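Everything on this sheet refers to the single structure shown next.
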Amino acid sequence: MKRILLTGCAGFIGSNFVKTIASEQTDYEFDIIDALTYAGRKETIQEELNKHSFLQFHHLDIRDSSKIEKLFQERKYEGVIHFAAESHVDNSIKNPNIFVETNVLGTLNLLNASLKLFKENEAFRFVHVSTDEVYGQLTDDEPAFTEENQIKPSSPYSASKASSDLLVQSYYETFGLPTMITRCSNNYGPYQFPEKLIPVMIFKAQAKEKLPVYGDGKNIRDWIYVDDHNKGVWDVFLKGLAGEVYNLGGDSERRNIEVVNIILEHLGRSKELISYVTDRPGHDWRYAMDFSKARKELGWSPTVKFEEGIKKTIDWYLENKTWIEMVKGNNK
Ligand SMILES: NC(=O)c1ccc[n+]([C@@H]2O[C@H](COP(=O)([O-])OP(=O)(O)OC[C@H]3O[C@@H](n4cnc5c(N)ncnc54)[C@H](O)[C@@H]3O)[C@@H](O)[C@H]2O)c1
């Protein structure tokens with residue numbers, strides 16, 4: 001059995017990874033570490049932890065280098081898939097420091113601990129889960145980002161992710177650590193913390209509250225269903241080449257206002273609930289991903305159409321109010 005470390009799997013994307021991918025594997029053991037910040041709840045993956053003895057949870061902060069070092073030495077991982085991060089752009093504007101501490105220094109701790117294991121086992125692999133936001137923004141007419149685009153982040157969040165990407169790349173170049181970076185567009189789906197656009201709009205629409213839309217609502221994001229992203233991350237872990245970056249995207253560019261309108265329509269609510277609010281400082285205009293490299297080299301492409309995925313997501317939130325109450329409460 002190969003033993004893999006997963007970080008940040010009490011959060012949105014990682015918990016879905018545990019449910020749809022890690023739980024299905026027969027050749028692997030997975031250790032999960034998570035600091036259980038406001039965005040991470042062990043309850044989200046408790047059912048899987050109860051069911052599968054090959055999934056083990058450790059309550060651990062990636063900023064704690066000595067505990068990370070000790071765990072790596074005890075558990076002798078053969079690979080890491082690194083999801084853990086501070087992930088909310090608005091929070092990064094209010095408090096950038098923790099973004100550097102977790103996203104940059106936390107990643108550095110994992111790289112240092114990984115390097116020691118790589119020296120004992122050359123099959124070791126490290127996948128760093130990153131974001132399209134590191135590329136900065138596009139105009140409406142520019143071609144989608146490829147892996148060759150310059151890194152040009154706009155927010156403290158994307159700058160911290162870009163910094164961690166560069167560190168990861170440097171561990172490949174300098175030490176030969178077999179690292180791979182995935183850069184993915186905006187995810188949506190079940191178990192997303194109710195602070196991001198889609199869950200916020202679903203809750204507000206359902207409660208007939210005003211839906212705050214930044215600026216004129218015309219910013220464009222490329223939306224990907226979370227399971228498609230996770231399949232891409234797993235493909236990169238299994239088949240990706242060391243030192244490479246892989247863009248993953250949903251092939252579903254939508255203006256924010258289009259997304260809000262779909263939610264209102266699905267919930268039978270009036271567009272009068274929309275309230276345009278002062279734009280986020282440094283708000284990127286458009287993201288779009290060219291994922292032809294992942295398609296060609298890994299055989300990966302997204303499978304869920306946006307209209308289908310968003311309906312599934314809205315229905316999931318309506319049917320899972322206890323989960324929402326649990327994550328919004330502070331009863332860890
Ligand atoms: N959500 C998106 O649309 C998106 C898109 C592309 C890439 N990503 C990247 O995917 C990863 C996961 O994103 P998400 O949306 O699931 O985020 P999330 O905020 O929902 O979850 C992050 C998880 O990391 C944990 N965590 C935070 N700080 C930690 C620390 N110091 N030590 C250990 N654990 C810690 C949290 O408790 C939480 O469980 C991030 O690296 C993010 O940058 C996200």
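From a predicted model like this one, the values you see are computed outputs, not experimental measurements. Ligands are counted one by one from 1 in listed order, and the atoms in each one are counted from 1 as well.
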Are the ring centres of F145 and Y135 closer than 6.0 Å?
-> yes
Closest non-hydrogen protein atom to atom 26 (N) of ligand 1, residue and atom name please, with distance?
-> T37 CG2, 4.0 Å
Ring-ring centroid check F193 Y38, cutoff 6.0 Å | yes
Checking heavy atoms under 4.0 Å, the part of D132 that sits near ligand 1 is neither
Are G106 and ligand 1 in contact, using a heavy-atom cut-off of under 4.0 Å?
-> no
So is K293 actually on top of Y246's ring, under 6.0 Å and inside 45° of the axis?
-> yes
Residue, atom and distance of the protein heavy atom nearest atom 16 (O) of ligand 1 read I13 N, 2.8 Å
Any idea which protein heavy atom is nearest atom 5 (C) of ligand 1, and the distance to it?
-> S185 O, 3.3 Å
At a non-hydrogen distance cut-off of under 4.0 Å, which region of I33 contacts ligand 1 (side chain, backbone, both, or neither)?
-> neither
May I ask you to check whether Y225 and Y188 place their ring centers less than 6.0 Å from one another?
-> yes
May I have the step-by-step check of ring-ring contact (aromatic ring centres under 6.0 Å, His included) for F72 and Y77, ending in yes or no?
-> CA-CA 6 Å; F72 272 62; Y77 300 117; 5.2 Å; yes
At under 4.0 Å between heavy atoms, which part of Y157 makes contact with ligand 1: side chain, backbone, both or neither?
-> side chain
Out of S87, G40, A85, the nearest non-hydrogen contact to atom 22 (C) of ligand 1 is supplied by A85
Shortest protein heavy-atom distance from atom 11 (C) of ligand 1, along with the residue and atom involved | F83 O, 3.0 Å
Polar atom proximity, T102 to ligand 1 (N or O, under 3.5 Å) = yes
Donor on one side chain, acceptor on other, N50 and Q46, under 3.5 Å = yes
Measure the CZ-NZ distance between F203 and K328 for me, rounded to the nearest 0.5 Å.
-> 5.5 Å
W234 and W300: aromatic ring centres closer than 6.0 Å?
-> no
Any idea which protein heavy atom is nearest atom 3 (O) of ligand 1, and the distance to it?
-> N187 N, 2.9 Å
Looking only at heavy atoms of N186, does any of them come nearer than 4.0 Å to an atom of ligand 1?
-> yes
